[in-house]
Undergrad: 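Could you have a look at this structure, given as structure tokens, before my questions?
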Number of protein chains: 2
Amino acid sequence: MNTHRQYINEQIRKEPKFAEALAKAEQEVGIAVELARLRERRGLSQTELAKLTGMKQPQIARLESGAHFPAFPTLQKLLGVLGGKLELTADACHLVPTRLKVASARR
Amino acid sequence: MNTHRQYINEQIRKEPKFAEALAKAEQEVGIAVELARLRERRGLSQTELAKLTGMKQPQIARLESGAHFPAFPTLQKLLGVLGGKLELTADACHLVPTRLKVASARR
DNA sequence: ACGAGTTATAACATAAGTGTTATAGTTTCC
DNA sequence: GGAAACTATAACACTTATGTTATAACTCGT
């Protein structure tokens, strides 16, 4: 059942740019998933989070889909409500839950 | 010599959006300054860093000018050469020096 | 003074991310 | 079953960041 991994490894060998694009995509999706988890952890729906951040639900959905990296100001709006700290290095990107400062989310 | 601070506080009172924009600008400049420091700490010129990151010198200069927030992929390229870890929360944004993984910068 | 290296900036084209409305599919609850 | 809530997606307009070449100003060493 390693067909998928074999395919990926072959692409990486054939096409060096592939590895780079793959890493980028993994990180985009990684952040998206972490954002969604953090939201759920706070017991908010996308619509509620949208209201709290001054965004609209489709934007939240897009951010959670991993379509692209969020920009800093966007992330900060989200972190303002959800709490959390982003840690970015050359190879990794993680959203670490932190304590909430105020009762921004559901009590 | 508090004229500047007084002016800022007055603007904040008159114009709530001003505080937000100010905070954003401070953070943009903050990252820029931290990037420049990290580069200098590694003993690289902008042109050298540009070569190592696959960018061009004017882009490095722009990033160091604080004209805008860097995007994630851009930052990761830079961190790949300079080392360092970015920490982003709702209110703050810092670039923390870390150990270099390989002799990417000047020995 | 001059050349080489360094940095800053303008201007342009392009890519990427935001913001929005509309809508459809899905899930939950009564 | 139906309504309400939730989520996903398309499409469009707009904003923001990248990438680049050209060039000017600045700094340093000889």
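Lettering follows sequence order; numbering is per chain, from 1. Atom set for the values below is all heavy atoms of this structure, side chains included, hydrogens, waters and symmetry mates excluded.
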Undergrad: Rounding to a whole Å, what distance do you find between His68(A):NE2 and dA17(D):P?
TA: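 After rounding, the gap between these two atoms is 13 Å.
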Undergrad: From CE of Met55(B) over to P of dT6(C), roughly how many Å is that when rounded to an integer?
TA: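 Rounded to the whole Å, the gap is 18 Å.
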Undergrad: Among dG17(C), dT9(C), dA8(D), which nucleotide has an atom closest to any side-chain atom of Pro58(A)?
TA: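 My answer, after comparing the listed nucleotides, is dA8(D).
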Undergrad: Rounding to a whole Å, what distance do you find between Gln76(B):CD and dA17(D):C1'?
TA: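 Taking atom C1' of dA17(D) as the reference, CD of Gln76(B) is at 16 Å.
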Undergrad: At under 4.0 Å, does any side-chain N or O of Lys77(B) touch on OP1 or OP2 of dG19(D)?
TA: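 Affirmative; the distance criterion is met.
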Undergrad: Output the rounded distance in Å from CD (Gln59(A)) to C1' (dC14(D)).
TA: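 Going from Gln59(A) (CD) to dC14(D) (C1'), I get 13 Å.
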Undergrad: Tell whether Gln57(B) reaches the base of dA8(C) with its side chain through a donor-acceptor pair below 3.5 angstrom.
TA: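 A donor-acceptor contact between them is present.
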Undergrad: For dT7(C), does OP1 or OP2 lie under 4.0 Å from any side-chain N or O of Arg39(B)?
TA: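 The answer is yes; a side-chain N or O of Arg39(B) sits under 4.0 Å from OP1 or OP2.
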Undergrad: To the nearest Å, how far apart are Lys51(B) NZ and dG19(D) P?
TA: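 Atom NZ in Lys51(B) sits about 18 Å away from atom P in dG19(D).
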Undergrad: Please classify the nucleic acid contact of Ala71(A) as base, sugar-phosphate, or nothing, using heavy-atom distances under 4.0 Å.
TA: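 The residue Ala71(A) makes sugar-phosphate contact but no base contact.
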Undergrad: With a 4.5 Å heavy-atom cut-off, do Ile31(A) and Leu86(A) have their side chains touching?
TA: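 In short, these two side chains touch, coming nearer than 4.5 Å.
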Undergrad: Give the minimum heavy-atom separation between Phe72(A) and Pro70(B), together with the two atoms involved.
TA: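 Smallest heavy-atom distance, with atoms named: CE1-O, 3.4 Å.
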Undergrad: Mind checking if Leu75(B) touches a base, just sugar-phosphate, or nothing, with heavy atoms under 4.0 Å?
TA: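 Nothing, no heavy atom under 4.0 Å.
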Undergrad: Quick check: does any side chain N or O of Gln59(B) sit under 3.5 Å from a backbone N or O of Lys56(B), one acting as donor and the other as acceptor?
TA: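 Judged by distance alone, no pair lies under 3.5 Å.
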Undergrad: Can you tell me how far P of dG17(C) sits from CD1 of Ile60(A), to the nearest Å?
TA: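 Going from Ile60(A) (CD1) to dG17(C) (P), I get 16 Å.
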Undergrad: Would one find a side-chain N or O of Gln46(B) under 4.0 angstrom from OP1 or OP2 of dA8(C)?
TA: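 It does, given that an N or O in the side chain of Gln46(B) lies less than 4.0 Å from OP1 or OP2 of dA8(C).
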Undergrad: Just how far, in rounded Å, is C1' of dT7(C) from CD of Glu40(B)?
TA: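 Checked: the CD to C1' distance equals 11 Å.
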Undergrad: Do Gln76(B) side-chain atoms and Thr89(A) backbone N/O form a donor-acceptor pair below 3.5 Å?
TA: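 Side chain of Gln76(B) to backbone of Thr89(A), a donor-acceptor pair under 3.5 Å: yes, one is there.
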Undergrad: To the nearest 0.5 Å, tell me how far Leu75(A) CG sits from Leu95(A) CG.
TA: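 Reported to 0.5 Å precision, the distance equals 7.0 Å.
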Undergrad: According to a strict under-4.0 Å criterion, is Lys56(B) in side-chain N/O contact with OP1 or OP2 of dT7(C)?
TA: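 No, outside the criterion.
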Undergrad: Let me know, please, whether Arg62(A) or Pro70(B) comes out on the 5' side of the other along DNA chain D by nearest nucleotide.
TA: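 That would be Arg62(A).
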Undergrad: Just the rounded figure in Å: distance from C1' of dT18(D) to CD of Glu64(B).
TA: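 Rounded to the whole Å, the gap is 16 Å.
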Undergrad: Mapping Thr47(A) and Thr74(B) onto DNA chain D by nearest heavy atom, which one lands closer to the 5' end?
TA: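 Nearest-nucleotide comparison on DNA chain D picks Thr47(A).
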